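Right, one structure below, let's go through it.
Since this is a predicted model, take the numbers as computed values, not measurements.
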Amino acid sequence: QLQLVESGGGLVQPGGSLSLSCAASGFTLESYAIGWFRQAPGKERERVSCISGSGGSTRYADSVKGRFTISRDNAKNTVYLQMNSLKPEDTAIYYCAKRSGGLLPKLCVTNQADFGSWGQGTQVTVSS
């Protein structure tokens with residue numbers, strides 16, 4: 001059964017750090033790009049970061065560049081999101097998702113509709 005499970009969220013003070021994990025099962029992780037997304041209350045879901053199937057290419061939203069780092073360990077079937085210098089505006093539910101297939105599923109794309117198999121999400125709250 002294809003599944004993505006996020007973990008690692010929690011409450012952290014501004015300036016703090018968290019490391020999120022996205023554990024994959026039921027498919028060959030290296031065959032797909034994986035994206036991290038977030039949705040804050042009352043806001044649309046946005047893509048935070050994406051990593052290609054090989055890990056050789058990464059993408060970041062402007063709002064997190066220089067603070068977040070995405071990585072993957074295909075042998076452990078896990079994708080990570082290291083979040084440093086957290087700000088209150090980073091508060092959201094964070095989700096991971098895989099490319100849905102189609103053309104070149106190992107590559108990151110901008111359109112969220114090209115991602116599927118969403119996890120249940122993990123809450124990140126940045127507050128003093």
Side-chain angles (χ1 to χ4, degrees):
Q1 180 181 357
L2 194 156
Q3 193 174 18
L4 294 170
V5 179
E6 303 93 338
S7 62
L11 173 64
V12 63
Q13 292 186 341
S17 298
L18 281 175
S19 181
L20 305 184
S21 298
C22 172
S25 60
F27 66 100
T28 303
L29 185 63
E30 65 183 347
S31 296
Y32 298 90
I34 301 294
W36 279 100
F37 302 80
R38 67 186 181 186
Q39 187 165 23
K43 295 188 177 180
E44 293 187 353
R45 186 174 61 198
E46 64 172 337
R47 195 184 79 175
V48 174
S49 185
C50 183
I51 187 166
S52 64
S54 67
S57 177
T58 57
R59 299 286 187 269
Y60 297 94
D62 288 342
S63 58
V64 307
K65 278 181 182 177
R67 301 188 297 121
F68 290 12
T69 303
I70 192 171
S71 62
R72 65 192 295 158
D73 186 336
N74 288 333
K76 294 183 177 181
N77 293 324
T78 304
V79 176
Y80 306 95
L81 185 68
Q82 177 65 39
M83 306 187 296
N84 298 328
S85 302
L86 283 162
K87 304 175 181 180
E89 52 263 43
D90 294 318
T91 295
I93 300 175
Y94 284 70
Y95 302 89
C96 61
K98 62 178 282 293
R99 279 291 310 279
S100 298
L103 186 64
L104 302 176
K106 290 186 178 182
L107 302 182
C108 290
V109 294
T110 303
N111 192 347
Q112 291 190 30
D114 288 325
F115 288 84
S117 304
W118 297 85
Q120 84 289 348
T122 186
Q123 176 71 48
V124 171
T125 303
V126 184
S127 175
S128 54

Taking all atoms of both residues into account, what is the closest heavy-atom pair of [X] and [Y], and its distance?
| X | Y | value |
| --- | --- | --- |
| G116 | A97 | O-CB, 3.5 Å |
| S17 | Q82 | CB-NE2, 3.9 Å |
| A92 | Q123 | O-NE2, 3.4 Å |

Can you confirm whether [X] sits close enough to [Y] that some side-chain heavy atom of one is under 4.5 Å from a side-chain heavy atom of the other?
| X | Y | value |
| --- | --- | --- |
| C50 | F115 | yes |
| L29 | V79 | yes |
| Q39 | Y94 | no |

* Please round to the nearest 0.5 Å and tell me the distance separating atom OG of S49 and atom CG of L20. =>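 So the gap between those two atoms works out to 11.0 Å.
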
* Asked: For the atom pair OG1 (T122) and CG (L81), what is the distance rounded to the nearest 0.5 Å?
  ->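 So the gap between those two atoms works out to 11.0 Å.
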
* Answer with yes or no whether the side chains of Q112 and R45 bring together a donor and an acceptor at under 3.5 Å. =>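 Yes, side-chain donor-acceptor contact under 3.5 Å.
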
* Does the side-chain contact (heavy atoms from CB on, under 4.5 Å) test come out yes or no for S57 and I51, once each step is laid out? -> CA-CA 6 Å; S57 177; I51 187 166; over 6 Å; no

* Checking salt bridge (Lys or Arg N to Asp or Glu O under 4.0 Å) for the pair K87/D90: CA distance, chi angles, key distance, verdict? -> CA-CA 5 Å; K87 304 175 181 180; D90 294 318; over 6 Å; no

* Asked: Can you check side-chain contact (heavy atoms from CB on, under 4.5 Å) on R59 and R47, steps first, answer last?
  -> CA-CA 9 Å; R59 299 286 187 269; R47 195 184 79 175; 3.3 Å; yes

* Asked: Given the side-chain rings of W36 and F68, with only the six-membered ring counted for Trp, is the space between their centroids under 6.0 Å?
  ->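 W36 vs F68: aromatic centres not under 6.0 Å.
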
* To do: Please find out if less than 6.0 Å separates the ring center of F27 from that of Y32.
  =>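 Yes, the ring centres sit under 6.0 Å apart.
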
* Start with the C-alpha gap between Q13 and V126, add the side-chain angles, then the distance that decides, and say whether side-chain contact (heavy atoms from CB on, under 4.5 Å) holds. => CA-CA 5 Å; Q13 292 186 341; V126 184; over 6 Å; no

* For L107, does its backbone N or O pair with a side-chain atom of R99 as donor and acceptor, under 3.5 Å? ->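 Between the backbone of L107 and the side chain of R99 there is a qualifying donor-acceptor contact (under 3.5 Å).
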
* Pick one: which of V64, T91, T125, V12 meets side chain to side chain contact (heavy atoms under 4.5 Å, CB included) with L86? ->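 Between L86 and the candidates, side chain to side chain contact (heavy atoms under 4.5 Å, CB included) is satisfied uniquely by V12.
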
* Any chance you could lay out the side-chain contact (heavy atoms from CB on, under 4.5 Å) test for L4 and Q120, step after step, and finish with the verdict? => CA-CA 8 Å; L4 294 170; Q120 84 289 348; over 6 Å; no

